Amino acid sequence: MAMGVTRLGDTAAMAFGQQSGPPASGRQVQELLALLQAAGHSDFRDARGPMGFTQRQAAGKFTRDEVAAFIEQLQEEGDARGPEGAVTAPAVRLSATEQALRALPSERLAAELQRRGWVVMEP
């Protein structure tokens, strides 16, 4: 079988971290970086966790399709900005325990912490 040709049902081997498509243009990468900075990230590595970037993407290496999807995602989030242009915080899902703790009056929570040996003071 010739090199680079696969049989039906076989998949071509891809090196770890290798892009699976044509690389993004420099303009696209700069546009993505500008959108990330507008969203409060300093660079691709800083945005790795919140954006779900792979290690390769955190190094600034994207395919055209990847960068287009991230740009679209950030633009949609930009449309969700408040009237003054401030980015609204994404809805955070709280666990049942966190919800119960937030529902407790501050005095009761402070009393329980003191009972357990904590030092509690008002901010």
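Predicted model only: the values in this text are computed from it and were never measured.
- Closest heavy-atom contact between S42 and Q37: O-NE2, 3.4 Å.
- With Q57 contributing its side chain and T54 its backbone, the two residues share a donor-acceptor pair below 3.5 Å.
- In this structure, the side chains of R48 and Q55 come closer than 4.5 Å at one or more pairs of heavy atoms.
- By the 4.5 Å heavy-atom criterion applied to side chains, D43 and L36 are not counted as neighbours.
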Margin query: As a quick check of understanding, evaluate salt bridge (Lys or Arg N to Asp or Glu O under 4.0 Å) for R116 and E112, giving each step before the final call.
Written below: CA-CA 6 Å; R116 294 180 184 203; E112 178 61 25; 2.7 Å; yes
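- Between V29 and F44, the closest side-chain pair of non-hydrogen atoms falls below 4.5 Å.
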Margin query: Applying side-chain contact (heavy atoms from CB on, under 4.5 Å) to E77 and E72, what does each step give before you reach the verdict?
Written below: CA-CA 9 Å; E77 289 173 7; E72 183 178 336; over 6 Å; no
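- Note that CG of L113 is 12.0 Å distant from CZ of R108, once rounded to the nearest 0.5 Å.
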Margin query: Could you go through L33 and H41, starting from their C-alpha distance and side-chain angles, then the distance that decides it, and tell me whether this counts as side-chain contact (heavy atoms from CB on, under 4.5 Å)?
Written below: CA-CA 9 Å; L33 182 58; H41 302 288; over 6 Å; no
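- Between I71 and Q28, the shortest heavy-atom contact is CD1-O, 3.7 Å.
- Note that the CH2 atom of W118 and the CG atom of L109 stand 11.5 Å from one another [nearest 0.5 Å].
- Remark: R102 does not engage E98 in a salt bridge, criterion side-chain N to carboxylate O under 4.0 Å.
- Considering only heavy atoms from C-beta on, E66 comes within 4.5 Å of T63 through its side chain.
- Side-chain N or O atoms of R64 include none that pairs as donor or acceptor with a backbone N or O of A24 at under 3.5 Å.
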